[in-house]
Amino acid sequence: MKTAKNFYLEEDFNCCETTIRLANQKYDLGLTEENMRLLSGFGGGLMSGLACGVLCGGVAAISKKLVETRGHDTPALKPAVTGFVSDFEETLGHVNCKDLKVTYNHPEDKSVRCIACVEKGWEVLQKHMDALNEPTAEE
């Protein structure tokens, strides 16, 4: 299995592309290369320093896992997404790329970029994706 470093540093995918590729690989989401390219513009905080690409990719993975028709027909979606966003912010300190870059980006070393943010955000996402796979008390 490829790691965040493989996708992000060696293959030069952005943070969001890396996250969706990791999630697709680990959770067998069934996404094609074409599907995953839809998330390319979400890297770098929507390419403008806003919502972190790891966060965006994580929300996309959660959505793919839960939604069968649309979000409004998926009651589990809102608590899953808000829980992930809250945990992401608590763990990494921020949700916006421009704020995260202060801590995680290494502009002096392009070979590192924001890998620590990508890896830490991926850990948070895995916790939430794994919880979606756990049986509930009703099952």
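The figures that follow rest on heavy atoms only: side chains count, while hydrogens, waters and symmetry mates do not.
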Side-chain contact, heavy-atom cut-off 4.5 Å: [X] with [Y]?
X: L92; Y: Y104; answer: yes
X: V112; Y: I115; answer: yes
X: T91; Y: K120; answer: yes
X: F7; Y: Q25; answer: yes
X: L39; Y: C16; answer: yes
X: K127; Y: E123; answer: no
X: N133; Y: K65; answer: yes
X: C114; Y: C15; answer: no

Can you check whether [Y]'s main-chain N or O pairs, donor with acceptor, with [X]'s side chain at less than 3.5 Å?
X: N14; Y: G44; result: no
X: T3; Y: N6; result: yes
X: N96; Y: D99; result: no
X: S86; Y: T82; result: no
X: S40; Y: R37; result: yes
X: R113; Y: Y8; result: yes

Could you give the distance from [atom1] ([X]) to [atom2] ([Y]), rounded to the nearest 0.5 Å?
X: L100; Y: E89; atom1: CG; atom2: CD; answer: 9.0 Å
X: C97; Y: N105; atom1: SG; atom2: CG; answer: 7.5 Å
X: D12; Y: K110; atom1: CG; atom2: NZ; answer: 11.5 Å
X: C117; Y: H94; atom1: SG; atom2: NE2; answer: 10.5 Å
X: T19; Y: M36; atom1: OG1; atom2: CE; answer: 12.0 Å
X: T74; Y: E68; atom1: OG1; atom2: CD; answer: 7.5 Å

Same cluster or not: V81 versus L38, using hydrophobic residues (I, L, V, M, F, W, Y) connected whenever any side-chain heavy atoms lie under 4.5 Å apart?
no
When hydrophobic residues are tied together by side-chain contacts of less than 4.5 Å, even through go-betweens, does M47 share a cluster with F13?
no
Contact summary for [X] and [Y], nearest pair of heavy atoms:
X: L22; Y: K2; answer: CD2-O, 3.6 Å
X: A23; Y: L125; answer: CB-CD2, 4.4 Å
X: V67; Y: G71; answer: CG1-N, 3.9 Å

Is it the case that [X] and [Y] place a side-chain donor and acceptor less than 3.5 Å from each other?
X: K26; Y: Q126; value: yes
X: K64; Y: N24; value: no
X: D130; Y: Y27; value: yes

Can you list every ring-ring contact (aromatic ring centres under 6.0 Å, His included) pair that touches residues 111-130, not counting sequence neighbours?
F84-H128
Around atom CD of E108, are there more than 12 heavy atoms of other residues, nucleotides or ligands at under 6.0 Å?
yes
For residues 56-63, tabulate all N or O donor-acceptor pairs below 3.5 Å that involve a side-chain atom, not counting sequence neighbours.
unit_1: S63; atom_1: OG; unit_2: V59; atom_2: O; d: 2.9

Evaluate the salt bridge (Lys or Arg N to Asp or Glu O under 4.0 Å) criterion for residues E11 and K5: first the C-alpha distance (whole Å), next the side-chain angles of each, then the deciding distance (0.1 Å), finally the verdict.
CA-CA 9 Å; E11 297 183 34; K5 285 181 180 168; over 6 Å; no
